Amino acid sequence: MNRKPVLSIAAGALLAGTLAACGTTGGGSSTTAFDPKTCQGGTLEVLNQRDITHLDPARIYTSGGGNIPSLLFRTLTTRNRAAGAAGAKVVPDLATDLGTPSDNAKTWTYHLRSGLKYADGSAITSEDIKYGIERSFSPDLPGGAAYLRDWLVGAKNYAGPYKGDAKTRELAAIETPDTKTIVFHLNSPHGDFPYLATATQFAPVPKAKDDGVDYEKHPVSSGPYQIETYQKNKKLVLTRNKYWSRGVDPQRLACPDTIDITSGLNPDVINQRLAAGSGNDANAVTTDTDLGPAQLAQLQSNPELAKRVAKGNFPYTYYLTYDTTKAPFDKLKVREAFSYAVNRNSVINAIGGSSLGYPATTFLPAQKSMGYQPYDYFPAGKSGNPAKAKQLLAQAGYPHGLTVTLAHNNTADDPSGPEVATAVQDALKKAGITVKLQTIDSNSFYDTLNNPKTQPQLAIAGWGADWPSGGPFLIPLFDGRQIIASGGNFNTAMVDDPAVNKQIDKINAITDPAQAAKAWGALDASMGKQAWYVPLYHGKDLTLYGKNVKNAFVSDWTGVYDLSQLSVK
C-alpha cells in the first residue's frame with residue numbers, strides 16, 4: 001500500500017490547462033543534449049522536505065525512501081528506468097530475468113547475474129538475498145511491506161533469524177540450492193511476484209555484517225553508490241561503489257560522482273531554490289516536493305522556467321468513501337445519488353486546476369499498466385447532475401434529502417483538506433444533501449478513517465499502489481478478506497462480495513502482466529456499477545529541476561525523479 005498526499009498546491013483555477021504547452025510531457029529532458037556515454041561526473045544536489053525513513057533495507061517501505069534506496073540496494077527485479085508508460089514495467093535487476101513461475105504461479109525461481117559484488121568487494125549470493133528477506137520478519141526491524149508474511153508458506157508466525165533454534169531461524173519457504181539460485185514457495189498463486197521482488201526486502205544482506213538494529217548505521221551497498229556521511233534529518237552524502245559497473249547493472253546510469261541529499265527543508269524554500277538555480281542549486285532536484293503556487297503562477301510569464309518542469313502520472317485516485325453496510329449508504333440508490341451529485345469541476349478547481357488532476361469516473365487511473373477501462377455509469381457531466389441525484393434519493397426513501405457528516409483533514413491545500421471538502425459540500429447541497437464538515441488533524445486522519453470503530457460516516461480519501469498493477473490498487477479496497485476490524489483497514493467501504501473475492505484470486509494466478517491488467521480493468525468496470533466509492537479525480541505530478549540537470553523525467557512508477565538516471569555534466 002502506498003499513500004502519499006502528492007499534491008500540496010492551491011493555485012487558482014485560472015491555471016487550468018496552462019501547462020499543456022510548457023514543460024515536458026510524461027517526463028522529459030533539460031535544454032541541452034544528454035549522452036549516457038559522457039554523463040559521468042559532478043555532484044547532484046537533492047533538496048527534500050523529508051529524510052529517508054531508514055537505511056536498513058528491511059525497514060524501508062515503498063513510499064518511505066523515494067528513489068534513494070535504489071541507489072544503495074539492488075533487488076531481484078526493479079522498475080524500468082524510463083519516462084512515461086515504459087517506466088511502469090518491471091525488469092530484472094540482480095536476477096537474470098523476471099523469474100520462472102511453476103505450480104500455477106505458487107513457486108518462483110530466480111537465477112543471479114554473474115559478477116555481482118558488494119561495495120566491500122565480496123560476492124553477492126542467493127543466500128544473502130534469502131537472509132535479507134528473513135531478517136525483515138524480525139520484530140526488531142519493523143516498517144517494511146507486509147506482503148511476504150501473507151504470501152510465503154509458513155511465514156505467518158515466523159519471527160526472523162535472530163531468535164529460536166537453528167531449525168526455526170530459517171524460513172523454509174525460501175530455498176537456495178546453489179549460490180546463484182533462489183526459489184520461493186507461496187501459499188497461493190501470485191502473478192505479481194516479480195513486482196513484489198522490487199521491494200528493498202529483496203536486497204542482499206551479508207549475514208556476517210548484520211548486527212540487527214545497528215545495521216542501518218553501516219549497510220553494505222549492492223548498488224552504484226555507498227554512504228559517505230549521514231546526519232539524520234540533515235544530510236546524506238553518497239559516493240561511488242567502485243565494485244559496481246554498468247556491465248553488471250544495465251538499469252542504472254549512475255552519472256554523478258557524488259549525490260548530496262539535504263533534508264528538513266521547507267517546500268517553499270525548495271521550489272524557490274530550484275526556480276532561482278543559483279550556485280549548486282543549478283545541479284539540484286527534489287524527490288518529495290511538487291510545484292508550489294508561486295512557481296505555477298510564474299510559468300506563463302517565464303518560458304525558461306517552464307522548460308524546467310517535468311510531468312509525471314503516478315497512479316493515484318482521490319475519492320469519497322463511506323461504509324456501505326450502514327445507513328444510508330447500504331442503499332445502492334443513495335450511493336448512486338452521491339455519484340451523480342458530485343461536481344468534479346469544482347473539486348479540480350479546489351486542488352489548483354486541471355494541470356494537477358483530471359476528473360475520475362473509474363477507480364483505476366487511466367494507465368495501461370493498471371488495466372484501465374473507461375466507464376461512467378453515473379454521468380454527472382462536468383458540474384454534477386443534482387436533479388438526477390434528487391430523483392434517486394426520493395426513490396431511496398429520502399424525498400426531502402438527508403444530512404451526512406463529511407470528514408476531511410485540517411491541512412490547507414491538501415487533496416483531502418478543507419478546500420476539497422467545501423467543494424463537495426457545495427455540490428451535494430444542490431442535490432438536497434446537507435453536509436456537516438468534520439475536521440480531523442492530518443496526523444491522525446488516516447488512523448481515524450482506517451479503524452472501523454472510528455471511521456467517519458463520509459470522508460475524502462486517496463489511494464495509490466505499491467507497484468503499477470491493478471492488484472495492489474484494487475485488492476486492499478475491495479477484497480472482503482482484507483477488512484481489518486482492529487485498525488489499519490483500507491477497505492473502508494467494507495466490501496465483502498464472494499464473487500469479487502473469487503475473481504481476485506483468479507486474476508492473482510495470471511502471470512502475464514498484459515492479461516492480468518486486462519482482467520483487473522474488467523473487474524474495476526464491473527465493480528463500478530455498485531458505487532462502493534465515488535471517484536473524484538486522479539492526480540498528476542509536476543516538479544522543477546535545476547538548470548544544469550539532464551535526463552530529468554518523473555517515473556510513472558514512483559511519481560518522482562529517478563535519481564539513478566540524472567546527470568549534471
Side-chain angles (χ1 to χ4, degrees), residues 1-10 44-73 141-145 199-200 216-217 219 223 225 227-238 259-275 280-281 284-293 295 310 312 314 316 356 409-417 441-447 462-466 539 541-546 549 552 554-555 557-564 566:
M1 163 274 308
N2 183 358
R3 297 174 311 176
K4 64 168 191 172
V6 292
L7 302 177
S8 56
I9 306 163
L44 173 69
E45 306 285 342
V46 182
L47 309 177
N48 277 351
Q49 301 175 55
R50 295 175 290 277
D51 194 9
I52 186 170
T53 53
H54 287 283
L55 286 169
D56 186 325
R59 306 191 64 178
I60 298 171
Y61 195 53
T62 305
S63 58
N67 275 281
I68 296 168
S70 189
L71 302 173
L72 296 169
F73 308 117
L141 304 174
T200 54
E216 65 180 335
K217 296 178 180 177
Y225 295 94
I227 298 171
E228 184 70 21
T229 60
Y230 180 51
Q231 294 177 278
K232 191 167 182 61
N233 296 323
K234 292 184 178 178
K235 181 82 75 176
L236 172 63
V237 179
L238 306 180
I259 298 180
D260 193 335
I261 302 151
T262 302
S263 55
L265 299 175
N266 180 284
D268 292 335
V269 171
I270 292 172
N271 278 318
Q272 289 168 8
R273 289 177 59 177
L274 289 172
N280 290 340
D281 291 344
V285 296
T286 178
T287 61
D288 68 1
T289 303
D290 284 342
L291 273 175
Q295 289 70 43
F314 177 73
Y316 212 94
L356 304 174
N409 76 45
N410 64 345
T411 302
D413 308 333
D414 185 272
S416 302
D441 183 85
S442 59
N443 293 323
S444 58
F445 181 73
Y446 274 105
D447 287 341
W463 188 259
D466 282 341
D541 307 295
L542 294 173
T543 186
L544 282 168
Y545 55 88
V549 176
V554 175
S555 166
W557 186 307
T558 64
V560 297
Y561 289 118
D562 192 324
L563 299 180
S564 75
L566 299 176

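Side chains are part of it too, since the values below use all heavy atoms of this structure and drop only hydrogens, waters and symmetry mates. Fair warning: this is a prediction, and the values are worked out from it, not measured in the lab.
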Peer 1: Check whether any side-chain heavy atom of S555 sits under 4.5 Å from a side-chain heavy atom of V560, and report yes or no.
Peer 2: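 A side-chain contact is absent here, since even the closest heavy-atom pair is not under 4.5 Å.
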Peer 1: Let me see the working for L291 and T543 under side chain to side chain contact (heavy atoms under 4.5 Å, CB included), right down to the final yes or no.
Peer 2: CA-CA 5 Å; L291 273 175; T543 186; 5.8 Å; no
Peer 1: Any sub-3.5 Å donor-acceptor pair from R59's side-chain atoms to G143's backbone N or O?
Peer 2: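 Here the side-chain-to-backbone pair does not exist.
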Peer 1: Looking just at side-chain N and O atoms, do N48 and S263 make a donor-acceptor pair shorter than 3.5 Å?
Peer 2: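 Their side chains do not contain a donor-acceptor pair, so the 3.5 Å distance test is not met.
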Peer 1: Excluding sequence neighbours, so at least two apart, what forms side-chain hydrogen bond (donor to acceptor under 3.5 Å, both in side chains) with T411?
Peer 2: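 Partners of T411 under the side-chain hydrogen bond (donor to acceptor under 3.5 Å, both in side chains) test: S442.
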Peer 1: What residues form a salt bridge (charged side-chain N to carboxylate O under 4.0 Å, His left out) with K234, not counting sequence neighbours?
Peer 2: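 With neighbours one apart ignored, the set is empty.
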Peer 1: Walk me through it: do T229 and L236 pass the test side chain to side chain contact (heavy atoms under 4.5 Å, CB included)?
Peer 2: CA-CA 6 Å; T229 60; L236 172 63; over 6 Å; no
Peer 1: Step through the shown structure and confirm whether more than 12 heavy atoms of other residues, nucleotides or ligands are within 6.0 Å of NZ on K235.
Peer 2: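 More than 12 heavy atoms, drawn from other residues, nucleotides or ligands, come within 6.0 Å of this atom.
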Peer 1: Who are the salt bridge (charged side-chain N to carboxylate O under 4.0 Å, His left out) partners of D56, not counting sequence neighbours?
Peer 2: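 For D56 the salt bridge (charged side-chain N to carboxylate O under 4.0 Å, His left out) partners, ignoring immediate neighbours, are R135.
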Peer 1: Which atom pair, heavy atoms only, marks the closest approach of A552 to A310?
Peer 2: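 Taking every non-hydrogen atom into account, O-CB, 4.4 Å.
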Peer 1: If you define the side chain from C-beta out and look only at heavy atoms, does anything of S416 sit under 4.5 Å from Y446?
Peer 2: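 Yes; the side chains approach each other to less than 4.5 Å.
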Peer 1: Between atom OG1 of T200 and atom CG of L72, what is the distance when rounded to the nearest 0.5 Å?
Peer 2: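 Here the interatomic distance stands at 11.0 Å.
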Peer 1: Would you say the side-chain atoms of D466 and Y61 include a donor-acceptor pair closer than 3.5 Å?
Peer 2: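 A pair is found: one side chain offers a donor N or O, the other an acceptor, under 3.5 Å apart.
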Peer 1: Less than 4.5 Å apart, side chain to side chain, heavy atoms only: is that true for T286 and L544?
Peer 2: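 T286 vs L544: side chains apart.
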Peer 1: Which heavy atom of P57 sits nearest a heavy atom of F73, and at what distance?
Peer 2: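 Scanning both residues completely, I find the closest heavy atoms to be CD-CZ, 3.7 Å.
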Peer 1: Looking at side-chain heavy atoms only, is the closest gap between I259 and V237 below 4.5 Å?
Peer 2: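 Result no, sub-4.5 Å side-chain heavy-atom pair not found.
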Peer 1: Among I270, N271, T287, whose side chain to side chain contact (heavy atoms under 4.5 Å, CB included) with L47 holds?
Peer 2: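 Of the listed options, the one satisfying the test is I270.
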Peer 1: Are any non-hydrogen side-chain atoms of V46 and D260 less than 4.5 angstrom apart?
Peer 2: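 No, side chains not in contact.
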Peer 1: If I compare all heavy atoms of F314 with all of D541, which pair ends up nearest, and what's the gap?
Peer 2: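 Where F314 meets D541 most closely, the heavy atoms are N-OD2, 2.8 Å.
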Peer 1: Less than 4.5 Å apart, any side-chain heavy atom of P69 and any of I52?
Peer 2: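 Yes, at least one pair of side-chain atoms sits under 4.5 Å.
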Peer 1: In Å, rounded to the nearest 0.5 Å, how long is the span from CG of L265 to CD of Q49?
Peer 2: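 It is 8.5 Å, given to the nearest 0.5 Å.
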Peer 1: Has the side chain of E216 got a donor or acceptor atom that lies under 3.5 Å from a matching backbone atom of L55?
Peer 2: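 It does hold such a pair.
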Peer 1: With N266, which residues qualify under side chain to side chain contact (heavy atoms under 4.5 Å, CB included), at least two apart?
Peer 2: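 Applying side chain to side chain contact (heavy atoms under 4.5 Å, CB included) to N266 gives D268, V269.
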Peer 1: Nearest 0.5 Å please: distance from the CD1 atom of I68 over to the OG atom of S564.
Peer 2: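 Going from the CD1 atom of I68 to the OG atom of S564 covers 12.5 Å.
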Peer 1: Side chains of D51 and Y230: donor-acceptor distance under 3.5 Å anywhere?
Peer 2: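 Their side chains do contain a donor-acceptor pair, which is all the 3.5 Å distance test asks for.
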Peer 1: Test of understanding: with salt bridge (charged side-chain N to carboxylate O under 4.0 Å, His left out), list the residues that count as partners of K232, not counting sequence neighbours.
Peer 2: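 For K232 there are no salt bridge (charged side-chain N to carboxylate O under 4.0 Å, His left out) partners, ignoring immediate neighbours.
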Peer 1: For the OG atom of S70 and the CG atom of L563, what is their distance to the nearest 0.5 Å?
Peer 2: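 The CG atom of L563 is 9.0 Å from OG of S70, to the nearest 0.5 Å.
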Peer 1: Heavy atoms, side chains only, cut-off 4.5 Å: are D441 and N409 in contact?
Peer 2: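 The answer is no, as the side chains (C-beta and beyond) never meet within the 4.5 Å cut-off.
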Peer 1: Using the rule given for side chain to side chain contact (heavy atoms under 4.5 Å, CB included), can you reason through L274 versus Y545, listing the C-alpha separation, both sets of side-chain angles and the distance that settles it, and then say yes or no?
Peer 2: CA-CA 6 Å; L274 289 172; Y545 55 88; 5.9 Å; no
Peer 1: List the residues meeting side-chain hydrogen bond (donor to acceptor under 3.5 Å, both in side chains) with D281, not counting sequence neighbours, and say none if there are none.
Peer 2: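 Partners of D281 by the side-chain hydrogen bond (donor to acceptor under 3.5 Å, both in side chains) criterion, ordered by chain and then number, come out as R273.
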